[in-house]
Every structure is written in C-alpha cells, then in structure tokens.
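Report on the following structure.
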Amino acid sequence: MFPPGSLVMTAVVLLLGTAALAQTPDTKRWRRIERAVVLSAGAGEPVQRLRLAPGVVTTVLLDSDAVMESDLPDALRGLFTRLDVTETHLLLQPAVAMPARGVPPLVLRFTDAAAPQRLVLELTTEGSVVDSVVDVRRHPAAVAQLEAELVALRERNALLEARLATARRPLPQPGLANAVLSGAIGPTGVLVKWMGDRPSETGLKVQQLGSYRSGSWLTLAVKLENPLGEAPWQPGIARLTHLDSDGRSTGETMELPLLLQEPRLLPGQSAVAVVQWPAPTRPPPAYALEIWDTGRRRGARWARLKP
C-alpha cells in the first residue's frame, strides 16, 4: 500500500509500533482492517465512516496536505488518549468507545486546488472491527464530470438571476392604479360571476368561488379556510384543464401560480386565493380546476367549471 522506503511508511510503522506497546490486552479482541478509500470529484461532499476502538491506534493517510477546518470540538477532547493531526495524516487513539449519538465529525480541508476540497470523517465504534490504517486518495474529475457540473452551475445561476430580477421589480401599487396601467381594466369594465359549484376538498375548506373577466384576462378568486388543527397552508399551483362540451379533457392543461396576499394560511384563518390567465380567443366550454399547496397534498378540485 505504501511505497518502499517512504518516510510516511517509516513514520507510520514507528507510530503503530510505539502505540502497540501501550495497548492493553483488551485491545486484542478487535479485528484490525487496512483499507484504501478513493474520493471522486463531482460525487458530492465525501463522507467516510471511521471505525474506532478503545485503546487501538487508527491512522488516516492523506495523498496531499490538509488541515482541520475548525478547532477540535470540545465534545471530542475527552474521548481520546491521542488525537494528532499533521498535514498528511491523522493519528487517533480513543480512550473509550464512541457514543452512539452526539459525536461531531472531524472535517478536513485540503490545501491544494484539486477536488474534492473537504473530507468529513464520521467517528463510530462498530462490533469488533476497527480501521487500523485508512489510505485516502482523491480521484481527479473527468472532463465529462466537470462539464456536467458546469452546466448545473449555469442553470442554478440562471434561476438565481431570475429570482433576483423579480425581487428588484417595483411592487405593484395597491388599489386600481396598477390594473388600469396594465390594461387589465378598460372601458368595458369587469364582469363578475359567482359560482356555486362544490369541489372535492382535501384538508382545506372552500367558502366561495367567483370569476372576474376584463378585457383579455380571466381571474378566479377562491375564498379558502384552513381548518383548525391543520398545519399552515402555503399556496402552490392552480391546474386548469380544458374540457369539451361532453366534459372530457382536450389534452390542454395550464399550471399557474396561486396568489395569496399572505405567504401562508394559518390554522383557522381564511383568505382569498387568486389565479389569472389570458382569456383565449376561443374559450373551451368548461374547465377542470385544481388548487394545491406547495407539496400538492392539500387542496380542492372542481370537475367542471364555466367561468
């Protein structure tokens, strides 16, 4: 595993030999494992389980210089007889078995520019097996991996740019000013229609449903109540499906944002949710309407509506 005559191998053998003299007879029951670990770039942050045993020395060898990302957590100080960290290896000798819970990981950061940049070591004690030597090497990323990562980063940046542009837009003016300026309200006024169609409800109550038509826009306003005892309800999407004269789907469906004045509806609270879309020049005979929260678990559905 180690190049003959290397300084690293000499140091490790000396360290292991010295530590072995100090080990108690109880340490002989542990089956010692030497293993190699290859960290691949582009596969997410590497997390490795490091199996430790009381009184047994575990050595982690690194293929390049690394440092602890932060100071040693206080929760680890009382668990080890020795815990030495150098640039190219770790030497750990626990005083006790690792607790099942509450043991913070050891986080190393490599000092060069290669990927991955971090290594997270989860410290554990398992059965009668202990890692005596773990040789950690990093595998350079292939061109295809780097290209895929670059595409994902560009897509993420594009989404962030879109969110930033939305956040920078001036807030619409309250009242009728924004509706008049946008052309949503014109000389023909607004046609309002209240509908008594009852929906099938899932964890949400519908109190009222109405439609508004003005110019080239159609809007549905639904007064909703989040029942007491339910979790807060966060508006998600409205799904509109075009129906033919026989009530069958034509295959044309729209998914639109469901707008609410508040970010969410608390238990026992009522509010009006709104969905709007450009009215088609040849509107379908009817629509099927679904409204859902962000998880698409709680909402309401109308099998047939004529706004």
Side-chain angles (χ1 to χ4, degrees), residues 151-152 154-169 171-172 178-179 182-185 190-227 230-266 269-307:
V151 169
R154 284 174 175 167
E155 290 177 351
R156 183 172 179 271
N157 286 341
L159 290 173
L160 289 174
E161 290 286 352
R163 290 174 58 188
L164 181 60
T166 301
R168 284 174 172 167
R169 290 175 189 163
L171 294 174
N178 192 63
S182 67
I185 293 181
V190 179
L191 179 63
V192 182
K193 179 181 179 182
W194 298 106
M195 293 176 283
D197 307 75
R198 296 304 306 168
S200 57
E201 301 167 336
T202 306
L204 194 68
K205 291 183 178 180
V206 175
Q207 296 180 338
Q208 197 174 43
L209 172 66
S211 70
Y212 296 78
R213 183 190 295 268
S214 175
S216 59
W217 288 95
L218 262 173
T219 302
L220 288 175
V222 189
K223 189 173 182 181
L224 303 171
E225 179 187 348
N226 187 13
E230 294 283 359
W233 188 86
Q234 187 171 348
I237 60 105
R239 182 181 176 90
L240 282 159
T241 302
H242 289 207
L243 304 178
D244 61 19
S245 56
D246 294 324
R248 295 175 299 199
S249 171
T250 65
E252 186 174 350
T253 301
M254 298 180 290
E255 287 197 354
L256 305 164
L258 191 60
L259 307 177
L260 198 69
Q261 185 70 26
E262 300 297 331
R264 58 182 182 170
L265 203 57
L266 300 177
Q269 188 178 23
S270 298
V272 175
V274 173
V275 56
Q276 67 175 2
W277 69 100
T281 53
R282 293 183 178 179
Y287 294 91
L289 170 66
E290 302 170 53
I291 59 173
W292 296 105
D293 61 353
T294 51
R296 299 198 183 193
R297 292 185 296 269
R298 298 167 56 203
R301 185 181 187 279
W302 288 260
R304 183 182 174 89
L305 289 177
K306 296 184 69 174

Item checked: Atom pair CD (Q234) and CG (L265), whose distance is rounded to the nearest 0.5 Å -> 11.0 Å
Checklist line | Qualifying residue, where the test is side-chain contact (heavy atoms from CB on, under 4.5 Å) with V275 and the options are L259, I291, L256 | finding: L256
Notebook entry, point to check: How long is the span from the CG atom in L289 to the CZ atom in R304, to the nearest 0.5 Å?
Noted result: 14.0 Å
Notebook entry, point to check: Is the number of heavy atoms from other residues, nucleotides or ligands within 6.0 Å of CZ (R301) greater than 12?
Noted result: yes
Checklist line | Student check: side-chain heavy atoms of L220 and W302 closer than 4.5 Å | finding: no
Notebook entry, point to check: Q269 versus N226: any side-chain heavy-atom pair under 4.5 Å?
Noted result: no
Margin query: With heavy-atom distances below 4.5 Å as the criterion, would you say the side chains of H242 and Y287 are in contact?
Written below: yes
Note to self: On a heavy-atom basis, which atom in G203 and which in P227 lie closest, and how many Å separate them?
What the structure shows: O-CD, 3.8 Å
Margin query: If I take atom CG from residue L240 and atom OG1 from residue T253, how far apart are they, to the nearest 0.5 angstrom?
Written below: 9.0 Å
Check: Is there side-chain contact between K193 and K306, with heavy atoms separated by less than 4.5 Å?
Finding: yes
Checklist line | R296/E255 ion pair, N-O < 4.0 Å | finding: yes
Checklist line | Heavy-atom pair of closest approach, residues P235 and L260 | finding: CG-CB, 3.8 Å
Checklist line | Approximate separation, where rounding is to 0.5 Å, of W194 CH2 and L209 CG | finding: 8.5 Å
Check: Which distance, rounded to the nearest 0.5 Å, do you find between the CG of D293 and the CG of L204?
Finding: 8.5 Å
Next item on the list: Evaluate whether atom CD of Q207 has more than 12 neighbouring non-hydrogen atoms of other residues, nucleotides or ligands under 6.0 angstrom away.
Entry: yes
Margin query: Looking at every heavy atom in both S211 and P307, which two are closest together, and how far apart are they?
Written below: OG-C, 3.7 Å
Notebook entry, point to check: Short question: side chain of R239, backbone of E290 - any donor-acceptor pair under 3.5 Å?
Noted result: no
Next item on the list: State the CD1-CG distance between I237 and L258, to the nearest 0.5 angstrom.
Entry: 8.5 Å
Checklist line | Pairwise salt bridge (charged side-chain N to carboxylate O under 4.0 Å, His left out) hits with a residue in residues 197-207, at least two apart | finding: R198-E201
Checklist line | Atom of M254, atom of W277 and distance for their closest heavy-atom approach | finding: CE-CD1, 3.6 Å
Next item on the list: Would you check if the side chain of D244 reaches a backbone N or O of D246 as a donor-acceptor pair within less than 3.5 Å?
Entry: yes
